[in-house]
Amino acid sequence: MTVSTKKDHKLAEIFLTGTAAMQDLPLYSNLKKSAKEVLEESGMPTLKNEEYKYTAISKRISDQLTHFGTPSSIDNLQKKIQGQQELFRLEEGYTLVCNNGIVDAHLSKIDPQLFQLQALTELSEEKAAQIGGIEKNEFDPFTALNSLCFRDGIRIDIPDGKIIEKPLLLVNFVRPDENGACIHPRVFIQVGKNAQLTLIEQTIYLGEDPVLVNSVSEWKVGQNAHVRSYKLQDGHKKNLEVSNTRSEVQQDASFTSIVLSLEGGMIRNNLSLDLNASNCEGNMYGLYLLNGKTHVDNHTNVDHKKPHSESNELYKGILADQSRGVFNGKIFVRQDAQKTNAFQQNNNILLSEDATVNTKPQLEIWADDVKCSHGCTTGQLDEEALFYLRARGIGKDAAKALLLHAFAGEVLDQLKEEGFKEYCEKVVHARLGGHY
Amino acid sequence: MLSIKNLHAAIEGTPILKGISLEIKPGEVHAIMGPNGSGKSTLASVLAGREEYEVTEGEVYFKGKDLLDLSPEDRAREGVFLAFQYPVEIPGVSSTNFLRTAVNQVREYRGQEPLDAVKFLSLMKEKMKLVEIDQKLLSRALNEGFSGGEKKKNEIFQMAVLEPTLSILDETDSGLDIDALKVVANGVNQLKTKENATIVVTHYQRLLDYIIPDYVHVLFDGRIVKSGSKDLALELEDKGYDWIKEEISGTTV
Ligand SMILES: Nc1ncnc2c1ncn2[C@@H]1O[C@H](COP(=O)(O)OP(=O)(O)OP(=O)(O)O)[C@@H](O)[C@H]1O
Ligand SMILES: [Mg+2]
């Protein structure tokens, strides 16, 4: 008889053993030690773990991947980039290219006048000590796994007052090889007082071999700074993706996250905004278009700690075939956080009887003078609307596409960077107009 | 143009239309009146192709084609237009984008070139004048937040743009104030030609003062129980439906 437990120790063990023989990274020995302790204690999450009850990602990793190490860097990446048609290219702006999670300085185009870019392995002790200080190992086993496994990463510092008008594109090229299939990108971004940044993140999968990308992004957003962070997840049916993103937001600052999940095997996004001071704004938007057996799980968390902050959240999904969507939205309003406004919506359209959605708002409110609202809907395409359009001569497929595009448009409209918006609209349009 | 013979239709197994026969020739205006729930909207929906309704008996031919065999979009492309009693609000779909898609799909079906943006815009402008619809309305999402009257006007505007051969106006007059009613009626009359026909579903004689019908039919319990000239509408306005009910029960006893 097998006893199912909350923890998958076997999988954790594989990573622990795998990394044991690795050379020490002295700058991060404390972080890695704590990661090890967390994983020895908690293992990887199974369905018995409340936070992972719909998303058996540990099992998928064990089943699908055979070599748990990190692949070496991809040869001739430049040539391969040129052949990539689905790649979003910036007309203007700055590009950071990563090769299996490690930044490639030659392929990148940045302006050192505007921001400071450093490899994690080259940081001063003081700066290195901040890594893992925002997204702590004990918050999520995958964060600990990332801390345990990363060999390098990126730290970006935007100086006080620097308003970076053109977006920064971070493209990660990923391809597993005989050395391994697990990539653990690690990013730390500090945005100074009164500074401004738009980041666009995209992962490009070379080939369609099974691979795990387990990323951790930590943001420190200074007073009156404004950040927009866009993430495009458009991989293939065998890619597994886990992301842990946490942003600490200071007074008068704002952080806006938009996550578009268009293709993948199984994706789990944990997004947390710590609104640590008064008058902060946190926005979280998401759009997921799923087909086949794709599984996308968005867990979000916004923590209002001080008065007069606002959060807005809208996640929308269109699900076909046997796909599955999970949404969990936590809103905390602490006792101090009077005059908080917090809004949350999750809307889903199911295009097939076999598609499922599990959605759960979780509100914990200790302050009394707050405005909070949340709602979720899951249903089919509006038949009345469909008939209305058809009765005007619009064909069934075109009418469906029109309605779905309108549904998705509410999230796409939140993209303020024109070039990227156009690109995403094109991708989404092609999906909705064709064989979904 | 339209030939309905012994049409029976049911929804979820409940018979609603119980044997309707009606002949409509080009250039004619037919008014259909009748008490609430008698099946007027059902008839309109069946003609437009709403799939919830099951036709259990009878046939409908439109310009020689078996109408019941066509999808809703093909009926529209063939020239059938239903002005809905309750137009649907469709958030996120712009009125202009919607109409342009509709016009061009209809044109494609008829083997015509699609209209480019400029030509489409001038078509819109021309028709907007006809129904005196505010440009601002059309820059919004389709029917979203429109008042009852604005929705009805928008239906007639769409009709003007699509230029159907058979228009079915399902209580387009309800909810309109007298000025709007005149505008709508005026629009309908201007669009009238010798080639097209109109079915006007209404409860009120006042619309028929402006859109003058060639025939008036009374629908009752899924059947046309009386047909006459425009004077029948006046009589109904005057006396209500009771006398017709009595007539029917008198003949059936
Ligand atoms: N989905 C449905 N299920 C069951 N019965 C229905 C359904 N839709 C319509 N009906 C019934 O069909 C009958 C005819 O309805 P219909 O809307 O055609 O009437 P109408 O003549 O247009 O009335 P009104 O003057 O109020 O607009 C009514 O008794 C109505 O309740
Ligand atoms: Mg009706």
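Note on naming: letters A, B, ... go to the chains in the order of the sequence lines (proteins, then strands), and numbering restarts at 1 for each one. Computed from a predicted structure; not experimentally measured.
- Within the 4.5 angstrom heavy-atom criterion, no atom of E78(B) approaches chain A.
- In the displayed structure, K426(A) atom NZ is contacted under 6.0 Å by at most 12 heavy atoms of other residues, nucleotides or ligands.
- Taking all atoms of both residues into account, the shortest heavy-atom contact from G393(A) to A76(B) is N-CB, 3.3 Å.
- Around NZ of K293(A), the count of heavy atoms belonging to other residues, nucleotides or ligands within 6.0 Å does not exceed 12.
- Counting non-hydrogen atoms of neighbouring residues, nucleotides and ligands closer than 6.0 angstrom, the NZ atom of K65(B) reaches no more than 12 such neighbours.
- Nearest heavy-atom pair across P91(B) and A406(A) is O-CB, 3.6 Å.
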Run the numbers on I90(B) and D382(A) for side chain to side chain contact (heavy atoms under 4.5 Å, CB included), then give the verdict. CA-CA 9 Å; I90(B) 310 187; D382(A) 182 349; over 6 Å; no
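- Within 6.0 Å of NZ in K400(A) there are 12 or fewer heavy atoms belonging to other residues, nucleotides or ligands.
- Proximity to chain A is absent for every atom of P164(B), based on heavy atoms less than 4.5 angstrom apart.
- Interface check for chain A: of the options V88(B), L99(B), N143(B), N104(B), the most heavy-atom pairs under 4.5 Å are formed by V88(B).
- For E410(A), no part lies near chain B; criterion is any non-hydrogen pair under 4.5 Å.
- Within a 6.0 Å radius of CD in Q380(A), no more than 12 heavy atoms belonging to other residues, nucleotides or ligands are found.
- The two residues A102(B) and I394(A) make their nearest non-hydrogen contact at CA-CG1, 3.6 Å.
- Heavy atoms closer than 4.5 Å to chain A are found in both the backbone and the side chain of R50(B).
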Quick one: do R390(A) and E51(B) satisfy salt bridge (charged side-chain N to carboxylate O under 4.0 Å, His left out)? Show the steps, please. CA-CA 11 Å; R390(A) 294 178 73 191; E51(B) 280 154 354; 3.3 Å; yes
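- Remark: Y86(B) OH to E384(A) CD distance equals 12.0 Å, nearest 0.5 Å.
- Around the CD atom of E108(B), the shell of radius 6.0 Å holds no more than 12 heavy atoms that belong to other residues, nucleotides or ligands.
- Taken to the nearest 0.5 Å, the CD atom of Q158(B) stands 4.5 Å off from the CZ atom of R392(A).
- Rounding to the nearest 0.5 Å gives a distance of 6.0 Å between CG of L389(A) and CZ of F98(B).
- Relative orientation of the F84(B) and Y388(A) rings is tilted, given thresholds of 30° and 60° on the angle between their planes.
- Around atom NZ of K339(A), no more than 12 heavy atoms belonging to other residues, nucleotides or ligands sit under 6.0 Å away.
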